[in-house]
Number of protein chains: 2
Amino acid sequence: MNLAVATLNPSDSPQPLYAQIRDQLRRQILEGGYSAYQQLPSEKSLMGAFGVSRITVRQALSDLHSEGLVFSAQGKGTYVSRPKAVQNIQRLQGFGEAMAAQGYAASARLLGFQERRPPRAVSEALGLATGEEVIEVTRVRYLNQQAVCVESSYFPLTIGRRLFGLDLSGDIFPLLENRLGIALGAADIGLESVRCDEAAQRHLSLGADEPILRVERLTHDRNGRPIDFEYLRFRGDSFKYQFRVERK
Amino acid sequence: MNLAVATLNPSDSPQPLYAQIRDQLRRQILEGGYSAYQQLPSEKSLMGAFGVSRITVRQALSDLHSEGLVFSAQGKGTYVSRPKAVQNIQRLQGFGEAMAAQGYAASARLLGFQERRPPRAVSEALGLATGEEVIEVTRVRYLNQQAVCVESSYFPLTIGRRLFGLDLSGDIFPLLENRLGIALGAADIGLESVRCDEAAQRHLSLGADEPILRVERLTHDRNGRPIDFEYLRFRGDSFKYQFRVERK
DNA sequence: CCTCCCTACTTGTTATGACAAGTTATAAAC
DNA sequence: GTTTATAACTTGTCATAACAAGTAGGGAGG
């Protein structure tokens with residue numbers, strides 16, 4: 001491996017040390033600096049290489065561990081996991097971010113942007129008072145020029161109105177973070193298999209009986225307040241959701 | 001809250017301190033000792049209540065955090081997440097374990113147990129040499145007396161043969177752990193929506209065009225060696241996969 | 001009354017140190 | 001040669017300590 005690139009940013013860096021180390025190791029792993037099942041340098045070596053204490057190294061490794069990129073065996077060492085076509089979706093990512101990470105070209109086409117009374121399920125998920133309106137954003141998602149997903153996103157008015165006029169041809173998450181200054185936290189995701197509905201038939205040019213992967217996603221900010229509820233409907237034949245879980 | 005039950009097992013306990021604290025807090029949260037958005041005791045209070053250091057408290061909280069049970073805000077405190085109908089599936093669980101945690105009665109019926117040449121995808125996933133045989137276990141899963149899932153599991157011969165004669169009417173994970181002494185690690189999961197196949201039609205009594213949620217699961221032991229590859233086919237109308245991810 | 005500041009709380013990050021527990025290779029004993 | 005013991009590694013767990021950074025409340029000053 002190459003630990004010559006063990007340079008951390010100066011102390012005025014916005015990123016904590018463990019995050020810099022984590023990101024550097026992650027990049028090396030993903031970019032092929034390591035082969036599958038190869039042993040990482042020991043925690044002691046990393047301490048020396050980066051000039052930090054063990055607790056900092058372990059926090060970086062702990063993150064990679066929960067991302068499924070590495071695993072450890074007591075007494076032996078820490079190893080790189082077998083590379084997966086789709087590595088961890090343990091991070092909350094937009095469709096575009098996730099696809100870009102795998103080298104696909106993703107885009108979106110805006111179908112509608114309007115203020116409306118939401119369906120009851122949406123109202124409940126966002127924790128809104130009955131009658132309170134939302135901003136609905138409807139889009140079609142493309143992967144390599146093929147339409148693969150119809151997406152309906154619902155935002156509370158205070159957030160949704162600020163999205164008006166922004167470029168909605170990519171992921172919305174970066175807009176929320178960088179343009180609106182909202183720090184994203186966790187998201188609850190639900191997946192089920194359903195039959196094609198009318199909107200999906202039209203926009204994804206599908207037959208009536210085609211299977212659809214229906215994803216519900218409720219995204220929260222870092223303080224646990226819900227800020228975005230979405231329905232995503234993927235073509236069954238062109239999307240597969242992959243991730244990793246641990247026994248613990 | 002009730003910190004009167006802040007008793008940890010004696011030092012000869014098999015569980016580390018942070019795990020005991022984590023499990024105790026998790027139980028209190030899940031059993032309704034806390035309401036949504038209620039603040040947990042501060043790390044300092046927990047240190048005193050359990051008589052441990054801050055690093056131990058934080059490790060317990062960190063686990064709950066990644067399970068989505070709590071979230072933290074710097075300067076304010078740690079709070080209980082809004083309760084979800086389906087809490088985190090971030091832990092690797094068998095179908096029975098997951099359903100039992102939600103108060104459902106789950107069971108399984110064995111359809112077949114045989115030694116055979118696996119499909120190529122299975123052979124690749126398990127990392128077997130071409131021509132190497134496996135044990136295939138086929139079962140139907142029931143939820144409240146209704147058939148909801150057809151399951152095909154593939155084990156390497158050395159593991160699969162030891163399952164012969166054991167009670168396969170429940171989850172296999174506990175058998176692997178307790179009877180065969182295999183420590184489970186992480187699992188890679190893939191989800192997609194497909195049309196009903198012939199076996200699913202017969203065992204789940206479905207029509208030909210019904211949507212099916214198809215789950216692939218490759219389970220590893222704690223050393224990263226693959227030990228079980230499964231195909232699960234769920235009725236689309238009676239199963240929904242839910243979990244939580246973080247932005248990080 | 002309103003504003004500003006300071007204090008006291010919270011969680012976040014990091015250091016140093018220690019011992020336990022598991023693995024591996026070497027060296028000693030048989 | 002084979003077995004056993006040991007030493008030298010690894011990761012796992014836990015303690016104590018300090019400072020940074022964010023929040024909330026109270027008090028001083030306008």
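Every chain is numbered from 1 and lettered A, B, ... according to where its sequence line falls, protein lines coming before strand lines. Hydrogens, waters and symmetry mates are skipped; everything else that's a heavy atom, side chains included, is used. For clarity, every value in this text was computed on a predicted model and none was experimentally measured.
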Asks: Could you grab the distance from atom OH of A:Tyr37 to atom OH of A:Tyr79, nearest 0.5 Å is fine?
Replies: 12.0 Å
Asks: Check DNA chain C against residues 53-61 of chain B and give the residues with a non-hydrogen atom under 4.0 Å, in numerical order.
Replies: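 Result for residues 53-61 of chain B: B:Arg54, B:Arg58, sorted by number.
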Asks: Tell me if a side-chain donor or acceptor on B:Arg139 pairs with a main-chain N or O of B:Gly170 at a distance below 3.5 Å.
Replies: yes
Asks: Could you list the residues that satisfy side-chain contact (heavy atoms from CB on, under 4.5 Å) with A:Arg116, not counting sequence neighbours?
Replies: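 Result, side-chain contact (heavy atoms from CB on, under 4.5 Å) vs A:Arg116: A:Gln114, A:Pro119, A:Glu136, A:Tyr154.
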Asks: To the side chain of A:Ser72, which of D:dT13, D:dG12, D:dT10 is closest?
Replies: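 Side chain of A:Ser72 sits closest to D:dG12.
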Asks: Is any side-chain heavy atom of A:Leu64 closer than 4.5 Å to one of A:Glu67?
Replies: yes
Asks: Check for a donor-acceptor pair, side chain of B:Ser72 on one end and backbone N or O of B:Thr78 on the other, with a separation under 3.5 Å.
Replies: no
Asks: Check side-chain contact (heavy atoms from CB on, under 4.5 Å) between A:Gln59 and all other residues, then give those that pass, not counting sequence neighbours.
Replies: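 Testing A:Gln59 for side-chain contact (heavy atoms from CB on, under 4.5 Å), a comparison that skips the adjacent residues, returns A:Tyr18.
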Asks: Under 3.5 Å, is there a donor-acceptor pair between the side chain of A:Arg117 and the main chain of A:Glu133?
Replies: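 Judged by distance alone, no pair lies under 3.5 Å.
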Asks: Just by distance, do the side chain of A:Arg217 and the backbone of A:Ser153 share a donor-acceptor pair under 3.5 Å?
Replies: no
Asks: Which residue in the set B:Asp221, B:Thr219, B:Leu126 passes side-chain contact (heavy atoms from CB on, under 4.5 Å) when paired with B:Asp228?
Replies: B:Thr219
Asks: Strictly under 4.0 angstrom, non-hydrogen atoms only: write out the protein contact profile of nucleotides 4-9 of chain D, one letter per nucleotide from the 5' end, B, S or -.
Replies: ------
Asks: Which nucleotide of DNA chain C is the first, and which the last, in the 5' to 3' direction, to come under 4.0 Å of a heavy atom belonging to chain B?
Replies: C:dT10 to C:dT13
Asks: Just distance, no hydrogens or angles: give the donor-acceptor pairs under 3.5 Å from side chains in residues 156-164 of chain B, sequence neighbours left out.
Replies:
unit_1: B:Arg161; atom_1: NH2; unit_2: B:Glu115; atom_2: OE2; d: 3.0
unit_1: B:Arg162; atom_1: NH2; unit_2: B:Leu180; atom_2: O; d: 3.4

